[in-house]
Amino acid sequence: MTAALVVRNLTKTYVRNPWIGAHTQKTVLRGVNLILEKGKVLGLVGESGCGKSTLCKVILGIEPITSGSVEINGKNMAALNKKEWRALRRDMQVVYQDPYASLDPRFTVRQLISEPLDIHGLYTDKAAREKYLRETLAAVQLDSAYLDRFAHEFSGGQRQRIAIARALVLNPSILIADEPVSALDVSVQAQILNLLKDIQRTRKLSMLFVTHDFAVARFLCDDIAVMNDGQIVEYAPAEELFSSPKQTYTKTLLAAVPTIEGGKR
């Protein structure tokens, strides 16, 4: 079976323009290798600044690859033409960390969710579009009465549900979730995590879930990749990684997780 996402020996280096300052370069990703199996959730865990979000940007095509390769559903991203890239955009969607920044405040919920459909020419019939928008909101447990309200009228958890609905409206096979609950209250985090888990199982999505929280990763992910300084230092099934971590860095991170008794593991 073809994997949903394969990252091979990926390197990303940023080079400062010599007209702005001294000619310098910084390597953020160093030979990253990952495999996201179809219908599975792969957790990408690491401290802030280790390169997790940069990896997501490269996979999404927002940032160019310095070296290495990224394959989406068996297709090498570097070999895609404009038409193939457009199809790939429909098949791979993203949910960002901050729902206050990721939603355009000038748009109603209807406009936010309709925009991807307009771009790809889907559900052009008015009645069919309306029915589909209502079904999409229902899938993230929001009332259809919210369609004509603006993003600033909602709480953080509701905004993230809207962002998830916008990601799901094109019916993608791959969802990249870049720390989608870290900006939310703890009680709301649990609701969004349960929603993502249900959606992933129902739609059989392949999901790359980025987080710095091991407890969240253990709850949601089938496999976990631990990143440190732009490299994958450990890669294992979730329960195996928690029960018998191999790398010192992973052990250190796990030891820092607070327990309900107030101490550390």
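Nothing here was measured: the structure is a model prediction, and the numbers come from that model.
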Quiz item: In Å, rounded to the nearest 0.5 Å, how long is the span from CD1 of I113 to CG of D118?
Solution: 12.0 Å

Quiz prompt | K52 side chain to E47 backbone, donor-acceptor under 3.5 Å | solution = yes

Self-check item: ILVMFWY cluster, L220 and I176 together (side-chain gap under 4.5 Å)
Solution: no

Quiz item: Nearest 0.5 Å, what's the CG-CD1 distance between L147 and I162?
Solution: 9.5 Å

Quiz item: Are L133 and S114 close enough that some pair of their side-chain heavy atoms sits under 4.5 Å apart?
Solution: yes

Practice problem: Show your reasoning for whether side chain to side chain contact (heavy atoms under 4.5 Å, CB included) applies to K12 and R30. | Solution: CA-CA 7 Å; K12 175 61 184 174; R30 311 167 187 271; over 6 Å; no

Quiz item: When you check the side-chain N and O atoms of T13 and Q25, is any donor under 3.5 Å from an acceptor?
Solution: no

Self-check item: Flag, side chain of D185 to backbone of V188, donor-acceptor distance under 3.5 Å
Solution: no

Quiz item: Say you draw a straight line from CD of Q231 to SG of C50; how long is it, rounded to the nearest 0.5 Å?
Solution: 11.0 Å

Quiz prompt | Within one Ile-Leu-Val-Met-Phe-Trp-Tyr cluster: L254 and I232, side-chain cutoff 4.5 Å | solution = no

Quiz item: E234 side chain to Q247 main-chain N or O, any donor-acceptor pair under 3.5 Å?
Solution: yes

Quiz item: Between K246 and S244, is there a donor-acceptor pair closer than 3.5 Å when you use the side chain of the first and the backbone of the second?
Solution: yes

Quiz item: Does a side-chain heavy-atom distance below 4.5 Å link Q97 with P180?
Solution: no

Quiz item: Under 30°, 30 to 60°, or over 60°: which ring-plane class applies to Y146 and F154, parallel, tilted or perpendicular?
Solution: perpendicular

Quiz item: Looking at CE of M207 and SG of C221, how far apart are the two atoms once the value is rounded to the nearest 0.5 Å?
Solution: 8.5 Å

Quiz item: If every non-hydrogen atom of Y132 is compared with every non-hydrogen atom of N171, which pair is closest and at what distance?
Solution: OH-N, 4.4 Å

Quiz prompt | Shortest non-hydrogen separation from G51 to L29 and the atoms involved | solution = O-CD2, 3.5 Å

Quiz item: Can you check whether Q111 reaches E115 side chain to side chain, under 4.5 Å on heavy atoms?
Solution: no

Quiz prompt | Nearest atoms (heavy-atom pairs only) where S155 meets Y100 | solution = C-OH, 4.1 Å

Quiz item: Any side-chain heavy atom of I72 within less than 4.5 Å of one from M77?
Solution: yes

Quiz item: Counting N and O atoms only, with roles assigned by atom type, does the side chain of E153 sit under 3.5 Å from a partner on the main chain of F150, one being a donor and the other an acceptor?
Solution: yes

Quiz item: Shared ILVMFWY cluster between L170 and M92, side chains joined below 4.5 angstrom?
Solution: no

Self-check item: side chain to side chain contact (heavy atoms under 4.5 Å, CB included) assessment of Q191 paired with Q141
Solution: CA-CA 10 Å; Q191 297 171 18; Q141 301 168 4; over 6 Å; no

Quiz item: Are F107 and L168 connected in the hydrophobic side-chain network, where two residues link if heavy atoms are under 4.5 Å apart?
Solution: yes

Practice problem: Answer whether the closest heavy-atom distance between the side chains of L42 and L5 falls below 4.5 Å. | Solution: no

Quiz item: Which value, rounded to the nearest 0.5 Å, describes the distance between I174 atom CD1 and K38 atom NZ?
Solution: 8.0 Å

Quiz prompt | P172 backbone acceptor or donor facing Q93 side chain under 3.5 Å | solution = no

Self-check item: Flag for S53-D178: side-chain donor and acceptor within less than 3.5 Å
Solution: yes

Quiz item: Quick check: does any side chain N or O of R166 sit under 3.5 Å from a backbone N or O of L103, one acting as donor and the other as acceptor?
Solution: no

Quiz prompt | E130 bridged to R110 by N-O distance under 4.0 Å | solution = yes

Quiz item: Should the pair K251 and Y249 be classed as cation-pi, given the thresholds of under 6.0 Å to the six-membered ring centre and 45° from the axis?
Solution: no

Quiz item: Are side-chain heavy atoms of L195 and Q160 found at a separation under 4.5 Å?
Solution: no

Quiz item: Do V181 and L205 sit in the same hydrophobic cluster, where Ile, Leu, Val, Met, Phe, Trp and Tyr count as joined when their side-chain heavy atoms come under 4.5 Å apart?
Solution: yes

Self-check item: Exceeds 12 heavy-atom contacts within 6.0 angstrom, atom CZ of R201
Solution: no

Quiz item: About how many Å separate CG of L10 and OG1 of T54, when rounded to the nearest 0.5 Å?
Solution: 10.5 Å

Quiz item: Would you say the side-chain atoms of R161 pair up with the backbone N or O of V140, donor to acceptor, closer than 3.5 Å?
Solution: yes

Quiz prompt | R90 atom CZ: more than 12 heavy-atom contacts under 6.0 Å | solution = no

Practice problem: Side-chain contact test, heavy atoms from C-beta onward, threshold under 4.5 Å: evaluate it for L241 versus Y235 and give yes or no. | Solution: no

Quiz item: Taking N228 for the side chain and V226 for the main chain, is one N or O donor matched with an acceptor at less than 3.5 Å?
Solution: no

Quiz item: Does D222 use its side chain to pair, donor to acceptor, with the backbone of V41 at less than 3.5 Å?
Solution: yes

Quiz item: Does one side chain, of T66 or T11, offer a donor that lies under 3.5 Å from an acceptor on the other?
Solution: no

Quiz prompt | Name of the residue among L34, V233, L44, V45 meeting side-chain contact (heavy atoms from CB on, under 4.5 Å) with M227 | solution = L44

Practice problem: Determine whether I199 and I164 make a side-chain contact, defined as any pair of heavy atoms from C-beta on separated by less than 4.5 Å. | Solution: yes

Quiz item: Between the side chains of H212 and E179, is a donor N or O closer than 3.5 angstrom to an acceptor N or O?
Solution: yes

Quiz item: What's the shortest heavy-atom distance between V94 and L175, and which atoms?
Solution: N-CD1, 4.3 Å

Practice problem: Apply side chain to side chain contact (heavy atoms under 4.5 Å, CB included) to the pair N194 and I192, showing each step before the final yes or no. | Solution: CA-CA 5 Å; N194 282 318; I192 298 300; over 6 Å; no

Quiz prompt | Where L208 and C56 come nearest, the two heavy atoms and their spacing | solution = CD2-SG, 4.4 Å

Self-check item: Polar side chain donor-acceptor pair, N73 to D91, under 3.5 angstrom
Solution: yes

Quiz item: Should the pair K131-E135 be classified as a salt bridge under the 4.0 Å nitrogen-to-oxygen rule?
Solution: yes

Practice problem: Decide side chain to side chain contact (heavy atoms under 4.5 Å, CB included) for D143 and L137; before the verdict, give the C-alpha distance in whole Å, the side-chain angles of both, and the deciding distance to 0.1 Å. | Solution: CA-CA 7 Å; D143 195 282; L137 274 193; over 6 Å; no

Quiz prompt | Closest non-hydrogen atom pair between W85 and L60, with its separation | solution = CZ3-O, 4.0 Å

